[in-house]
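Step one of this worksheet: look at the structure below.
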Amino acid sequence: MTAVKLDGVATATAVKNELASRIARLRSHGVVPGLGTLLVGDDPGSRSYVAGKHRDCAEVGIESIRVDLPASATTADVRAAIRDLNAAREVTGYIVQLPLPAGHDENAMLELIDPDKDADGLHPTNLGRLVLGIEGDLHSPLPCTPAGIVEMLRRYEVPIRGQHVTVIGRGLTVGRPLGLLFTRKGLDATVTLTHSRTTDLAAEVRRADIVVAAVGVPHLVQPEWVKPGAAVLDVGITRVQDEETGKGRLTGDVDPAVAEVAGFLSPNPGGVGPMTRAMLLANVVKAAEYQLRG
Ligand SMILES: Nc1nc(=O)c2c([nH]1)NC[C@@H]1CN(c3ccc(C(=O)N[C@@H](CCC(=O)O)C(=O)O)cc3)C=[N+]21
């Protein structure tokens with residue numbers, strides 16, 4: 001068997017085309033969506049992600065506002081930047097790029113974001129709304145990677161209801177919120193949330209209809225672990241040195257040989273990453289539409 005490719009680039013393009021018409025409608029009503037980014041320090045990976053987000057905004061007609069602080073910024077500087085983003089009229093939603101450099105309390109900074117401007121869905125109020133299962137009129141943005149995974153599965157018509165999902169990794173941005181999302185009413189999956197202290201990871205993966213690997217351990221998920229026909233989403237990213245060319249490249253958490261066993265497989269790069277970025281845009285558009293409704 002060779003798995004169907006869950007093409008994140010093509011799917012994100014479809015999402016972005018749909019958003020572009022909603023953005024045009026907002027603009028015709030005088031609402032200009034604007035995404036702010038706050039980047040602290042000079043990590044090259046974080047820099048390139050932030051640059052990608054600004055490119056995405058330009059593509060769909062979202063204004064983007066970039067705030068970069070040097071690695072020497074104090075926690076007081078970060079607080080002040082967040083306060084300014086909360087106050088800025090042209091910023092309808094924003095993100096604080098994670099991880100912050102060592103010495104900053106990330107959770108404390110996330111709590112300072114105005115929940116109505118939280119484009120990442122990582123403010124405790126919005127994570128709480130995810131636990132409560134609040135949807136609909138009240139603006140409650142979902143974390144972008146979990147939302148992107150579910151959107152991709154939906155568009156490829158991969159069944160979710162009643163299915164067993166094994167998530168590898170319990171981090172704030174992916175594993176933990178994804179477990180909450182998949183078990184919501186309406187999605188109705190059964191989730192096993194695994195982590196570094198899970199005793200038999202292979203066994204937990206083997207019974208899964210959907211596997212999400214979000215730990216950052218290159219090629220952790222082996223073909224022998226995967227139930228034939230399962231959908232496998234490769235989220236983790238590790239920068240490695242290519243043995244042949246000596247150049248840096250990105251590698252995922254899933255062994256490429258899994259394609260011979262799985263029914264669906266997201267490539268990495270080119271899978272969940274572009275969907276994460278598309279969902280960030282979707283959160284900004286939803287926040288602006290919410291603002292328009294008053
Ligand atoms: N507040 C916050 N929100 C985030 O959503 C957030 C964050 N901090 N910190 C870091 C992680 C990581 N992340 C990625 C998003 C897109 C790609 C992406 O589009 N990757 C391309 C490849 C990009 C490349 O070549 O460098 C791909 O998978 O095809 C990757 C990683 C968002 N994160």
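Below, all heavy atoms of this structure are taken into account, side chains as well, without hydrogens, waters or symmetry copies. In each ligand, atom 1 is the first atom listed, and ligand 1 is the first ligand listed. For clarity, every value in this text was computed on a predicted model and none was experimentally measured.
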Under 4.0 angstrom from ligand 1, any heavy atom of Gly270? yes
Check: Tyr94/Asn86 side-chain N/O donor and acceptor closer than 3.5 Å: yes
Does one side chain, of Thr251 or Thr238, offer a donor that lies under 3.5 Å from an acceptor on the other? no
Could you tell me whether ligand 1 has any atom less than 4.0 Å away from a heavy atom of Cys144? no
Give the minimum heavy-atom separation between Tyr156 and Phe264, together with the two atoms involved. O-CE2, 4.2 Å
Ligand 1 atoms nearer than 4.0 angstrom to some heavy atom of Val96 are 1 (N), 2 (C)
Is it the case that the side chain of Lys117 and the backbone of Leu85 share a donor-acceptor pair, with hydrogens and angles ignored and the cut-off at 3.5 Å? yes
Measure the spacing between CG of Leu132 and CG of Leu127 and express it to the nearest 0.5 Å. 11.0 Å
Around atom 6 (C) of ligand 1, find the nearest protein heavy atom and jot down its residue, atom name and distance. Lys53 NZ, 4.0 Å
Look up atom 16 (C) of ligand 1 and tell me if a protein heavy atom lies less than 4.0 Å from it? yes
Judged by heavy atoms only, the candidate from Val174, Leu250, Leu280 nearest atom 23 (C) of ligand 1 is Leu250
When you measure from atom 20 (N) of ligand 1 to every protein heavy atom, which one gives the shortest distance, and what is it? Gly273 CA, 4.0 Å
Show which atoms of ligand 1 fall inside a sub-4.0 Å distance from at least one heavy-atom site of Ile237. 30 (C), 31 (C)
Return the residue, atom name and 0.1 Å-rounded distance of the protein heavy atom closest to atom 5 (O) of ligand 1. Asp120 OD1, 3.8 Å
Rounding to 0.5 Å, atoms CZ (Arg206) and NE2 (His164) come to a distance of 13.5 Å
Write down the atom of Leu193, the atom of Gly175, and the distance for their closest heavy-atom approach. CD1-O, 3.5 Å
Looking only at side-chain N and O atoms, does Thr75 offer a donor or acceptor that is under 3.5 Å from a partner on His104? yes
Short N/O distance, under 3.5 Å, between Arg239 and ligand 1? no
As a test of understanding, state which of His54, Gln97, Arg66 forms a side chain to side chain donor-acceptor pair (under 3.5 Å) with Thr37. His54
On a heavy-atom basis, I'd like to know which of Leu98, Thr173, Ile95 is closest to atom 9 (N) of ligand 1. Leu98
Gln97 N/O under 3.5 Å from ligand 1 N/O: yes
Are any of the N/O atoms on Leu122, whether in the backbone or the side chain, positioned under 3.5 angstrom from an N/O atom of ligand 1? no
Which ligand 1 atoms are under 4.0 Å away from a heavy-atom of Pro269? 22 (C), 27 (C), 28 (O), 29 (O)
In one Ile/Leu/Val/Met/Phe/Trp/Tyr side-chain cluster, 4.5 Å: Val285, Val15: yes
Check whether any N or O atom of Tyr49, backbone or side chain, sits under 3.5 Å from an N or O atom of ligand 1, and answer yes or no. no
